[in-house]
Amino acid sequence: MCFLWHQFVVLQRLFNRYLPAMHRLSNRTHEETLVFFDLETTGLDTSTCDIVQLSAISGNKIFNVYMLPRCTMTDGASRVTGLTTCADGLFLHGQSLDTIPVKEALKSFISFLKTINNPLLVGHNCRRFDSPILLRIMSEFHLLDEFLDVLSGFLDTLPLSREMFGLQKYSQPFLVQHFLQRSYVAHNATEDVRALQALYRVWQPSMELVNKHRFRL
DNA sequence: TGCCAGGCCCTCTTTAGGGCCTT
């Protein structure tokens with residue numbers, strides 16, 4: 001009897017010790033893989049603009065494509081990105097870029113995501129800007145269902161950083177300067193995703209905050 | 001000359017308005 005009671009006490013202690021960890025594990029999304037992404041677009045109007053550059057990074061895997069937009073770039077977008085379009089193609093600071101058709105670019109991005117386990121797309125201000133544009137254009141090319149099937153969700157680092165830190169600004173260049181003590185080539189999607197990945201490594205937000213700021217369609 | 005969209009956040013607010021954030 002005494003032996004059984006001892007076994008019970010041992011099991012109870014083990015249970016009490018590991019239950020909180022098991023509970024945290026069940027709520028974690030660590031089986032998801034973070035994929036930092038960014039768009040360069042023809043403008044700021046999320047209902048009409050087109051994507052000209054789509055970049056993503058997950059670990060050491062990098063994705064980047066340029067595409068010819070179906071509409072002209074606004075002066076503001078050309079000014080901040082250095083990208084211009086004409087009948088001959090897409091140019092970065094006057095240098096011609098290799099582009100692929102929009103649908104091919106989107107399908108290529110979906111294929112990239114399929115190589116990643118349960119991808120969670122992470123972007124700065126992506127709830128209000130990048131994700132509505134990406135979802136709209138995926139829908140226009142009848143790729144939305146396939147895209148959503150492969151995707152775990154989105155995570156917006158703008159409200160996440162606002163909740164984590166008390167700063168005067170939360171633009172990505174400011175955050176990079178503040179946390180990484182360096183400047184970078186903002187408004188180039190590849191540089192933006194590398195910078196955001198580096199910021200996230202420094203921040204290491206809690207799963208509670210991640211779950212608070214994640215979303216799906 | 002500089003803005004052009006739209007939603008969130010903050011405050012000198014809530015019957016509003018300006019700044020921020022993305023290109």
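Just so it is clear, the values below take in all heavy atoms, side chains as well, and ignore hydrogens, waters and symmetry mates. Treat the numbers as computed from the prediction; the structure is a model and nothing was measured. The sequence lines fix the lettering, A, B, ..., with proteins before strands; numbering per chain opens at 1.
The distance from atom CD of Glu191(A) to atom C1' of dT23(B) is 17 Å, rounded to the nearest whole Å. Atom CG of Leu39(A) is separated from atom P of dT22(B) by 13 Å (rounded to the nearest Å). Asp38(A) has its CG atom 9 Å from the C1' atom of dT22(B), to the nearest Å. One can place CG of Leu175(A) at 12 Å from C1' of dC20(B), the figure rounded to the nearest angstrom. Distance CZ (Arg162(A)) to C1' (dT22(B)): 11 Å, rounded to an integer number of Å. Taking atom CD of Gln168(A) as the reference point, atom P of dC9(B) lies 18 Å away to the nearest angstrom. Rounding to whole angstrom units, NE2 of residue His213(A) and P of dC8(B) are separated by 14 Å. In this structure, His124(A) places its NE2 atom 10 Å from C1' of dC20(B), rounding to the nearest Å.
The gap from the P atom of dG19(B) to that of dC12(B) amounts to 14 Å, rounded to the nearest Å. Rounded to the nearest Å, the gap between the P atom of dG17(B) and that of dT13(B) is 12 Å. Look at the C1' atom in both dC10(B) and dT14(B): the space between them is 12 Å, to the nearest Å. Taking atom P in both dG18(B) and dC3(B), one finds a spacing of 15 Å when rounded to whole Å. Atom name P, nucleotides dC20(B) and dT1(B): the rounded distance is 23 Å, in whole Å.
Asp38(A) and Ser55(A) form no side-chain donor-acceptor contact under 3.5 Å, judged by distance and modelled atom types alone. Side-chain atoms of Gln53(A) and Asn64(A) include a donor-acceptor pair closer than 3.5 Å. Inspection of the Glu40(A) and Thr81(A) side chains reveals no N or O donor paired with an N or O acceptor under 3.5 Å.
Side-chain atoms of Ser58(A) come within 3.5 Å of backbone atoms of Leu34(A) as a donor-acceptor pair (strictly under, hydrogens ignored). At least one donor-acceptor pair under 3.5 Å links the side chain of Gln197(A) to the backbone N or O of Gly59(A). Between the side chain of Arg216(A) and the main chain of Leu151(A), a donor-acceptor pair closer than 3.5 Å is present. Under the 3.5 Å distance criterion, the side-chain polar atoms of Asp192(A) are matched with a main-chain donor or acceptor of His187(A).
Summary of the strand contacts: Ser78(A) and Pro159(A) both lie near DNA chain B, and taking for each the nucleotide with the nearest heavy atom, the more 5' one is attributed to Pro159(A).
Here the side chain of Gln172(A) is nearest to one of dC21(B), dT22(B), dT23(B), namely dT22(B).
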Can you check nucleotides 1-6 of chain B for protein contacts, nitrogen or oxygen pairs under 3.5 Å, and list what you find?
{"residue": "dA5(B)", "atom": "N3", "partner": "Leu44(A)", "partner atom": "O", "Å": "3.4"}

Extract from the structure each pairing of a protein N or O with an N or O of nucleotides 10-12 of chain B at less than 3.5 Å, listing the distance.
none

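Heavy atoms of Asp156(A) sit nowhere under 4.0 angstrom from any nucleic acid atom. Residue contacts shown for Asp50(A) are absent, as no nucleic acid heavy atom lies under 4.0 Å away.
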| query | Please walk me through it: do Tyr184(A) and Gln172(A) pass side chain to side chain donor-acceptor pair (under 3.5 Å)? | reply | CA-CA 10 Å; Tyr184(A) 76 109; Gln172(A) 193 168 311; 3.2 Å; yes
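Geometric assessment of Arg127(A) against the ring of Phe215(A) yields a positive cation-pi assignment under the 6.0 Å and 45° thresholds.
Ring centers of Phe179(A) and Phe165(A): under 6.0 Å apart, within the cut-off.
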